[in-house]
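Presented below is the structure to which this report refers.
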Amino acid sequence: MATLSAVQGDITEQQVDAVVNAANSRMRGGGGVDGAIHRAGGPAVLADCIARFPHGLATGDAGWTTGGDLPAQWVVHTVGPNFAAGERDRALLVSCYRRSLEVADELGARSIAFPLISAGIYGWPLDDAIDAAIDTLARTVSGLDDIRVIAFSASTFARLHDRVAAG
Ligand code: AR6
């Protein structure tokens, strides 16, 4: 089984094989963690998004691009449900984590860092966003050894850390 850990910091600085991006279905960049990943990864990430996802990506699905200038070799992009806009099907959020692990597995990645998908601009309630992340990542079988969930702020990290410790 993989080691599942909570980490406080900026996902773009993680020394892992793959980082997960909380993208939108257009797959052409955005704000939040998406903006940070495109800034740090450089233009190769957007170029690969355009080449590999000409029609974007469906909510709940995942796909990969190069990591460009990131320490990570790959970015696994996934599209979370937009709670704030009325997309409240939790199965879509669970699917983001499952599909991202599948894509990372296909790539042969051994280590991966996830943000809390949908928990920012998309407005998913934080405690349930944390539960969905930890429950799904702890239960999904994959070839990954090291799975990290990254919290940007100290207050989110405290809640995430407690949830990981609770199992
Ligand atoms: N490292 C780690 N976590 C981060 C970082 C970072 N550099 N930056 C933000 N977070 P969000 P969403 C946290 O809004 O809710 C974009 O415009 C943040 O605090 O990035 O899925 C996309 O293009 C929060 O806990 O993603 C979409 O349009 C979590 O990452 C839309 O936002 C997710 O927040 C997606 O919204």
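Every heavy atom of this structure was used, including side-chain atoms; hydrogens, water molecules and symmetry mates were not. All ligand and atom numbering here is 1-based and tracks the order in the structure.
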Taking C-beta and beyond as the side chain, do [X] and [Y] meet within less than 4.5 Å on heavy atoms?
X     : Y      : value
Trp74 : Thr66  : no
Val45 : His77  : yes
Asn24 : Tyr122 : yes

Original post:
Just by distance, do the side chain of Arg52 and the backbone of Trp64 share a donor-acceptor pair under 3.5 Å?
Top reply: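 Side chain of Arg52 to backbone of Trp64, a donor-acceptor pair under 3.5 Å: yes, one is there.
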Using modelled atom types and a 3.5 Å cut-off, is there a donor and acceptor pairing between side-chain atoms of Ser118 and backbone atoms of Pro81?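 Judged by distance alone, yes, a pair lies under 3.5 Å.
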Within ligand 1, which atoms have a heavy atom of [X] less than 4.0 Å away?
X     : value
Gly30 : 17 (O), 23 (O)
Asp34 : 22 (C), 23 (O)
Ala22 : 21 (O), 22 (C), 26 (O), 35 (C)
Gly31 : 16 (C), 17 (O)

Residue-ligand contact Ser118/ligand 1, heavy atom below 4.0 Å |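 It does; at least one heavy atom falls under 4.0 Å.
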(Q) When you measure from atom 18 (C) of ligand 1 to the protein, is at least one non-hydrogen atom found at a distance under 4.0 Å? (A)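 Flag for atom 18 (C) of ligand 1 set to false, no protein heavy atom closer than 4.0 Å.
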Review point. Transitively linked via ILVMFWY side-chain contacts under 4.5 Å: Leu107 with Leu57?
Key: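 Looking at the clustering, Leu57 is in a separate group from Leu107.
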According to a 4.5 Å side-chain heavy-atom criterion applied to Ile, Leu, Val, Met, Phe, Trp and Tyr, with indirect links allowed, do Val7 and Val76 form part of one hydrophobic cluster?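 No, no single cluster joins them.
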For ligand 1 and [X], I'd like to know whether there is a polar contact (N/O to N/O, distance under 3.5 Å).
X      : value
Ile121 : yes
Thr12  : no
Ile11  : yes

Sort and list the pairs that fulfil ring pair (Phe, Tyr, Trp, His ring centres under 6.0 Å) and have at least one residue in residues 9-36, not counting sequence neighbours.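 Every pair satisfying ring pair (Phe, Tyr, Trp, His ring centres under 6.0 Å) with a residue in residues 9-36: there are none.
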* Would you mind finding which of Phe152, Tyr122, Trp124 brings a heavy atom closest to atom 27 (C) of ligand 1? =>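 Looking at heavy atoms only, Tyr122 sits closest to atom 27 (C) of ligand 1.
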Shortest reach to atom 10 (N) of ligand 1 by a heavy atom, considering only Asn82, Leu116, Val33: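 Nearest heavy atom to atom 10 (N) of ligand 1 lies in Val33.
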- Output all residues satisfying salt bridge (Lys or Arg N to Asp or Glu O under 4.0 Å) with Asp105, sequence neighbours left out; order by chain, then residue number.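 With neighbours one apart ignored, the set is empty.
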Record the part of Ala36 in heavy-atom contact with ligand 1 below 4.0 Å; permitted values are side chain, backbone, both and neither.
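Side chain only.
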Starting from atom 15 (O) of ligand 1, what is the nearest protein heavy atom, named by residue and atom, and what distance separates them?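 The closest one turns out to be Gly120 N, 2.8 Å.
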Top protein contact for atom 7 (N) of ligand 1, by heavy-atom distance:
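Protein heavy atom at minimum distance: Asp10 OD1, 3.0 Å.
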